[in-house]
**Student:** 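Pasting in a structure now, in structure tokens, and then I'll have a few things to ask.
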Amino acid sequence: MIRAQTILITGASTGLGAALARQLAAPGVTLILCARRLAPLETLADSLRAAGAEVIAEAVDVADQSAVIQWAERIWKRGPVDLAVFNAGIFAGRTPDGLAEEAQAAATVIATNLTGAVTPALVLSARMRQRRAG
């Protein structure tokens, strides 16, 4: 059982991120959620609040390194994060011949799926190490 009180989840508006948020929502738990699209994230947030969780939901594109650094730093200033789940991810598909992704699509996938996880992880892990918890 996870006993973290403040949990951050990227890519939380749908799929695995939303399912995880639903499982973790409870009184005494703060869920910090982000996704590219705010409307589905707010719909989810309403249901999580109904389950007793405090929810902070923001539209953040994790592929935008500068934006995600600012977001992670702003979140930490609000209070420490106990657990972070870097769930945001995309699949851009293949070229019409089915053999490979186009270069720009591959770059977008890397920016979201790899850099979008590493960047906030570096920001938050530095603070977690200083705090000696998380």
**Student:** Give the minimum heavy-atom separation between Ile9 and Ala12, together with the two atoms involved.
**Tutor:**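 The answer is O-CB, 3.7 Å.
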**Student:** Mind checking side chain to side chain donor-acceptor pair (under 3.5 Å) for Thr112 and listing every partner two or more places apart, or none if nothing turns up?
**Tutor:**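 For Thr112 there are no side chain to side chain donor-acceptor pair (under 3.5 Å) partners, ignoring immediate neighbours.
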**Student:** Hey, quick one: are Val118 and Ile110 part of the same hydrophobic cluster, counting side-chain heavy atoms closer than 4.5 Å, chains of contacts allowed?
**Tutor:**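 Result: yes, single cluster for both.
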**Student:** Any side-chain heavy atom of Thr30 within less than 4.5 Å of one from Ile32?
**Tutor:**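 Result yes, sub-4.5 Å side-chain heavy-atom pair found.
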**Student:** Is the closest side-chain heavy-atom distance between Ser66 and Val68 below 4.5 Å?
**Tutor:**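 No, too far: nothing below the 4.5 Å cut-off.
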**Student:** With heavy-atom distances below 4.5 Å as the criterion, would you say the side chains of Val81 and Met128 are in contact?
**Tutor:**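 In short, these two side chains touch, coming nearer than 4.5 Å.
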**Student:** Are Leu33 and Leu48 close enough that some pair of their side-chain heavy atoms sits under 4.5 Å apart?
**Tutor:**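 Yes, at least one pair of side-chain atoms sits under 4.5 Å.
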**Student:** If you count the non-hydrogen atoms of other residues, nucleotides and ligands that lie under 6.0 Å from CD1 in Ile69, is the total more than 12?
**Tutor:**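 Atom CD1 in Ile69 is packed in, count exceeds 12.
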**Student:** What closest approach, in Å, do Gly89 and Asn113 show between heavy atoms, and which atom pair accounts for it?
**Tutor:**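 For Gly89 versus Asn113, the nearest heavy atoms are CA-OD1, 3.0 Å.
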**Student:** How many angstroms lie between CG in Leu16 and CD in Gln23, if you round to the nearest 0.5 Å?
**Tutor:**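 Rounded to the nearest 0.5 Å, the CG-CD separation comes out at 11.5 Å.
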**Student:** Write down the atom of Asn87, the atom of Gly11, and the distance for their closest heavy-atom approach.
**Tutor:**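 Closest approach of Asn87 to Gly11, heavy atoms only: ND2-O, 2.9 Å.
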**Student:** Can you confirm whether Glu58 is buried at CD, in the sense that more than 12 heavy atoms of other residues, nucleotides or ligands lie under 6.0 Å from that atom?
**Tutor:**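 Buried by this count: over 12 neighbours within 6.0 Å.
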**Student:** Are the side chain of Thr6 and the backbone N or O of Asp82 linked by a donor-acceptor pair below 3.5 Å?
**Tutor:**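 Answer holds: no.
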**Student:** Is it true that, when you exclude Arg131 itself, more than 12 heavy atoms of the residues, nucleotides or ligands shown sit nearer than 6.0 Å to its CZ?
**Tutor:**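 Enclosed: over 12 neighbouring heavy atoms sit under 6.0 Å from CZ of Arg131.
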**Student:** Do Leu122 and Phe86 sit in the same hydrophobic cluster, where Ile, Leu, Val, Met, Phe, Trp and Tyr count as joined when their side-chain heavy atoms come under 4.5 Å apart?
**Tutor:**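 No, no single cluster joins them.
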**Student:** What about Val60 and Leu41, same hydrophobic cluster or not, with Ile/Leu/Val/Met/Phe/Trp/Tyr joined at side-chain heavy-atom distances under 4.5 Å?
**Tutor:**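 No.
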**Student:** Hey, what do you get for OG (Ser13) to CG (Leu38), rounding to the nearest 0.5 Å?
**Tutor:**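 Between atom OG of Ser13 and atom CG of Leu38 there are 9.5 Å.
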**Student:** Is it the case that the side chain of Thr119 and the backbone of Gln65 share a donor-acceptor pair, with hydrogens and angles ignored and the cut-off at 3.5 Å?
**Tutor:**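 Such a contact is absent between Thr119 side chain and Gln65 backbone.
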**Student:** So if I apply the side chain to side chain contact (heavy atoms under 4.5 Å, CB included) rule between Leu8 and each of Leu83, Leu124, Val85, which one comes out positive?
**Tutor:**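 Exactly one pass, corresponding to Leu124.
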**Student:** Under the 3.5 angstrom rule, does the side chain of Ser47 hit a backbone N or O of Leu44 as a donor-acceptor pair?
**Tutor:**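 The answer is yes, because a donor-acceptor pair under 3.5 Å joins these two groups.
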**Student:** Looking only at non-hydrogen atoms, find the nearest pair between Ala45 and Ala57 and report the distance.
**Tutor:**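 Smallest heavy-atom distance, with atoms named: CB-CB, 4.3 Å.
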**Student:** Should Val109 and Phe91 count as side-chain neighbours, where that means a heavy-atom distance under 4.5 Å?
**Tutor:**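 Answer no - side chains too far apart.
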**Student:** What residues form a side-chain contact (heavy atoms from CB on, under 4.5 Å) with Arg36, not counting sequence neighbours?
**Tutor:**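 For Arg36 the side-chain contact (heavy atoms from CB on, under 4.5 Å) partners, ignoring immediate neighbours, are Asp61, Ile90.
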**Student:** Under the 3.5 angstrom rule, does the side chain of Arg49 hit a backbone N or O of Val55 as a donor-acceptor pair?
**Tutor:**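 Yes, Arg49 side chain to Val55 backbone: donor-acceptor pair under 3.5 Å.
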**Student:** For the residue pair Ala25 and Ala51, what are the closest heavy atoms and their distance?
**Tutor:**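 Distance-wise, the nearest heavy atoms are CB-CB, 4.0 Å.
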**Student:** Is there any salt bridge (Lys or Arg N to Asp or Glu O under 4.0 Å) pair reaching into residues 103-129, and which pairs are they, with sequence neighbours excluded?
**Tutor:**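 Pairs touching residues 103-129 that pass the test: Glu73-Arg127.
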